[in-house]
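What you see is a predicted model, and the numbers here were worked out from it, not measured in a lab. Whatever order the structure lists them in is the order used to number ligands and atoms, beginning at 1. FYI, side chains are in, hydrogens and waters are out, and symmetry mates aren't considered; it's all heavy atoms of this structure.
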Amino acid sequence: MYIKMMLALFIAVAFFFSSPIEAALEVGFYRDKCPSAEAIIKEEVSKSFDQNKGIAPGLIRLHFHDCFVRGCDGSILIDSTPTNQAEIDGPPNGITIRGREVIDNAKARIEATCKGVVSCADILSYAARDSVVITGGLYWDVPAGRRDGRISRASETLDIPAPSFNLDQLTQSFANKGLTQDDMVALSGAHTIGRSHCTSFTNRLYNFSSTTMQDPKLSPIYAQFLKQQCPRDSQGNVNQDLVVFMNQTPYVFESSYYQNLFQHTGLFTSDQALLDRQETTREVALYAVNNLAWQRDFVQAMIKMSQIEVLTGNQGEIRANCRVINP
Ligand code: HEM
């Protein structure tokens with residue numbers, strides 16, 4: 001009798017922990033539910049990449065910014081409305097974000113095949129993985145089963161780290177999301193591709209501190225180059241549409257980002273800050289000479305990042321249109 005009761009209790013506990021609300025993400029989540037989903041996303045990323053290579057860095061960053069605000073719930077994809085200023089219009093996003101249309105195209109095709117099944121949050125996670133692969137990074141299986149959030153607030157984008165952050169601030173910002181300093185160092189390597197608007201770093205060129213105009217941690221030659229790319233007008237303002245590549249090979253996913261840091265050509269204060277302490281410098285030195293070691297650590301950190309505060313089971317919804325919360 002006692003054994004039977006214990007068995008019943010064990011089954012009840014096991015059932016509770018495997019109920020839909022507790023369900024974790026799962027590789028192959030759409031294998032039966034929507035078998036063509038992954039292929040459609042890959043095709044859309046590839047098609048867009050052929051037209052504009054900047055789509056790949058754009059999608060990787062989009063996923064990062066989604067995950068750091070209310071978890072990876074696709075809330076960055078939602079448009080603002082007259083009564084709600086959404087994440088997409090928060091200060092770190094706005095005109096610097098690109099790639100949302102790729103998610104819309106994939107979503108439209110997927111909805112036509114399997115309606116109401118694949119979340120926008122998952123589409124974004126697959127698209128970020130495909131963007132890493134298409135630029136030469138390692139492949140990984142994406143755990144899926146995320147649900148879409150129903151809240152998106154511009155004010156919450158303060159959770160996204162700023163390019164002016166020092167090492168402690170960066171470490172804290174990642175720790176707030178359950179990521180380690182090691183994860184942060186590996187993930188920062190995403191800046192090996194893509195571009196930046198001048199306005200994201202011109203403080204390092206023109207008004208760094210009360211004692212020095214130019215950031216002493218920035219290579220003077222590189223600073224000169226950046227000033228040419230990002231000139232000030234007669235009022236001392238820099239055109240907010242101007243952009244520079246973050247790397248000499250802006251569409252190749254390799255570890256040259258870490259080599260740049262030793263040459264003091266990291267674009268942001270937050271990039272160069274990785275050399276501020278011995279423990280992070282050691283990692284930067286390893287990644288600078290060992291691309292594969294970085295790629296492997298990057299993948300592990302991405303898999304972790306892509307599971308921040310996800311909604312699963314019955315939580316949230318499967319949005320019909322990634323830009324609009326379901327009525
Ligand atoms: C460590 C803290 C980080 C800071 C402070 C930061 C900041 C920034 C800033 C300011 C830009 C330039 C945006 C613009 O002006 O156009 C940028 C670009 C980018 N970031 Fe980060 N970032 C960080 C971490 C990450 C992470 C973790 C990822 C992805 C895993 C990432 C991926 C990217 C990519 C791919 C771009 C290029 C975007 C494009 O070309 O459209 N960043 N980042």
Side-chain angles (χ1 to χ4, degrees), residues 48-49 52-69 72 76 90-102 124-125 127-129 131-132 134-135 137 140 157-177 179-204 226 229-230 238-247 249-254 257-258 261 266-274 276 280 284 294-295 297-306 308:
S48 307
F49 184 74
N52 172 9
K53 293 199 165 16
I55 285 300
L59 286 168
I60 297 166
R61 181 168 184 248
L62 198 56
H63 190 33
F64 162 51
H65 282 205
D66 185 34
C67 293
F68 263 55
V69 184
C72 316
I76 195 170
N93 296 326
I95 61 161
T96 70
I97 282 291
R98 49 180 173 170
R100 283 203 307 162
E101 65 285 3
V102 182
L124 180 51
S125 198
R129 186 273 315 273
S131 299
V132 169
I134 210 167
T135 48
W140 70 91
T157 54
L158 288 174
D159 280 5
I160 296 169
S164 57
F165 271 14
N166 64 30
L167 189 54
D168 286 337
Q169 291 171 311
L170 289 169
T171 305
Q172 186 58 55
S173 157
F174 278 66
N176 292 345
K177 302 295 165 187
L179 300 177
T180 64
Q181 188 177 64
D182 290 351
D183 295 328
M184 186 270 289
V185 175
L187 287 170
S188 295
H191 289 174
T192 197
I193 57 172
R195 66 167 193 203
S196 171
H197 287 73
C198 290
T199 45
S200 295
F201 57 84
T202 37
N203 67 310
R204 298 186 77 196
L226 291 175
Q229 302 299 306
C230 308
V238 175
N239 181 332
Q240 62 164 12
D241 295 328
L242 290 175
V243 292
V244 298
F245 288 133
M246 297 204 284
N247 190 299
T249 49
Y251 305 119
V252 188
F253 209 79
E254 33 63 316
Y257 164 84
Y258 297 97
L261 300 185
L267 195 54
F268 307 132
T269 302
S270 58
D271 294 319
Q272 212 53 59
L274 301 187
D276 281 357
T280 46
V284 173
W294 169 61
Q295 300 261 2
D297 288 353
F298 178 82
V299 165
Q300 290 315 312
M302 271 302 265
I303 292 173
K304 232 171 125 179
M305 186 190 88
S306 74
I308 295 173

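Atoms of ligand 1 lying under 4.0 Å from at least one heavy atom of Ala162, given by number and element, are 5 (C). Proximity to Ala190 (heavy-atom distance under 4.0 Å) selects the following atoms of ligand 1: 28 (C), 29 (C), 30 (C), 31 (C), 32 (C), 35 (C). Listed by atom number, the atoms of ligand 1 under 4.0 Å from Met246 heavy atoms are 18 (C), 19 (C), 36 (C), 37 (C). The atoms of ligand 1 that sit less than 4.0 Å from any heavy atom of Leu170 are 1 (C), 2 (C). Proximity to Ser188 (heavy-atom distance under 4.0 Å) selects the following atoms of ligand 1: 1 (C). Every atom of ligand 1 is numbered from 1 in the order shown, and the set under 4.0 Å from a heavy atom of Leu187 is 26 (C), 27 (C), 30 (C). Atoms of ligand 1 lying under 4.0 Å from any heavy atom of Ile60, numbered from 1 in the order shown and given with element: 29 (C). Close contacts between ligand 1 and Ser270 involve ligand atoms 5 (C) [criterion: under 4.0 Å to a heavy atom].
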Legend entry - Residue pair Gln172, Asp168: steps toward the side-chain hydrogen bond (donor to acceptor under 3.5 Å, both in side chains) verdict: CA-CA 6 Å; Gln172 186 58 55; Asp168 286 337; over 6 Å; no
Inset, instruction - Kindly indicate, with the supporting measurements, whether the criterion side-chain hydrogen bond (donor to acceptor under 3.5 Å, both in side chains) is fulfilled by Gln181 and Thr171. - result: CA-CA 5 Å; Gln181 188 177 64; Thr171 305; 3.0 Å; yes
Legend entry - Step-by-step side chain to side chain contact (heavy atoms under 4.5 Å, CB included) determination, Val132 to Ile60: CA-CA 7 Å; Val132 169; Ile60 297 166; 3.7 Å; yes
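Side-chain N or O atoms of Gln295 include none that pairs as donor or acceptor with a backbone N or O of Gly137 at under 3.5 Å. Although no hydrogens or angles enter the test, the distance criterion places no donor-acceptor pair under 3.5 Å between the side chain of Gln300 and the main chain of Asp297. Between the Tyr257 side chain and the Ala190 main chain, no donor and acceptor come within less than 3.5 Å of each other. The main-chain N or O of Glu254 is found under 3.5 Å from a side-chain atom of Thr192 such that the two form a donor-acceptor pair. In terms of modelled atom types and a separation under 3.5 Å, the side chain of Arg204 and the main chain of Leu267 share a donor-acceptor contact. A donor-acceptor contact shorter than 3.5 Å links the side chain of Ser131 to the backbone of Ala127.
In terms of protein heavy-atom proximity, atom 19 (C) of ligand 1 is nearest to Arg61 CD, 3.3 Å. Shortest contact from atom 16 (O) of ligand 1 to any protein heavy atom: His197 ND1, 2.7 Å. Given atom 35 (C) of ligand 1, the protein heavy atom at minimum distance is Pro57 O, 3.2 Å. The protein heavy-atom contact nearest to atom 24 (C) of ligand 1 is Phe64 CE2, 3.3 Å. In terms of protein heavy atoms, atom 8 (C) of ligand 1 is closest to Phe268 CE1, 3.5 Å. Scanning the protein heavy atoms around atom 41 (O) of ligand 1, the nearest turns out to be Arg98 NE, 2.7 Å.
Judged by the shortest distance from any of its heavy atoms, Phe201 lies outside the 4.0 Å radius around the atoms of ligand 1. The closest approach between any non-hydrogen atom of Gly54 and ligand 1 is not below 4.0 Å.
Looking at His65, Gln240, Arg61 one by one, the single match for side-chain hydrogen bond (donor to acceptor under 3.5 Å, both in side chains) with Thr96 turns out to be Arg61.
Residue contacts with ligand 1 for Ser200 involve side-chain atoms from C-beta outward but no N, CA, C or O (heavy atoms, distance under 4.0 Å). With a 4.0 Å heavy-atom cut-off, ligand 1 is reached by the side chain of Phe174 but not by its N, CA, C or O.
Between atom 33 (C) of ligand 1 and the options His191, His63, Arg195, the minimum heavy-atom separation is to His191.
Between Arg129 and His63, the closest side-chain pair of non-hydrogen atoms is not below 4.5 Å.
Relative ring orientation between Phe64 and Phe174 is described as parallel, the plane-to-plane angle staying below 30° on a 0-90° scale split at 30° and 60°.
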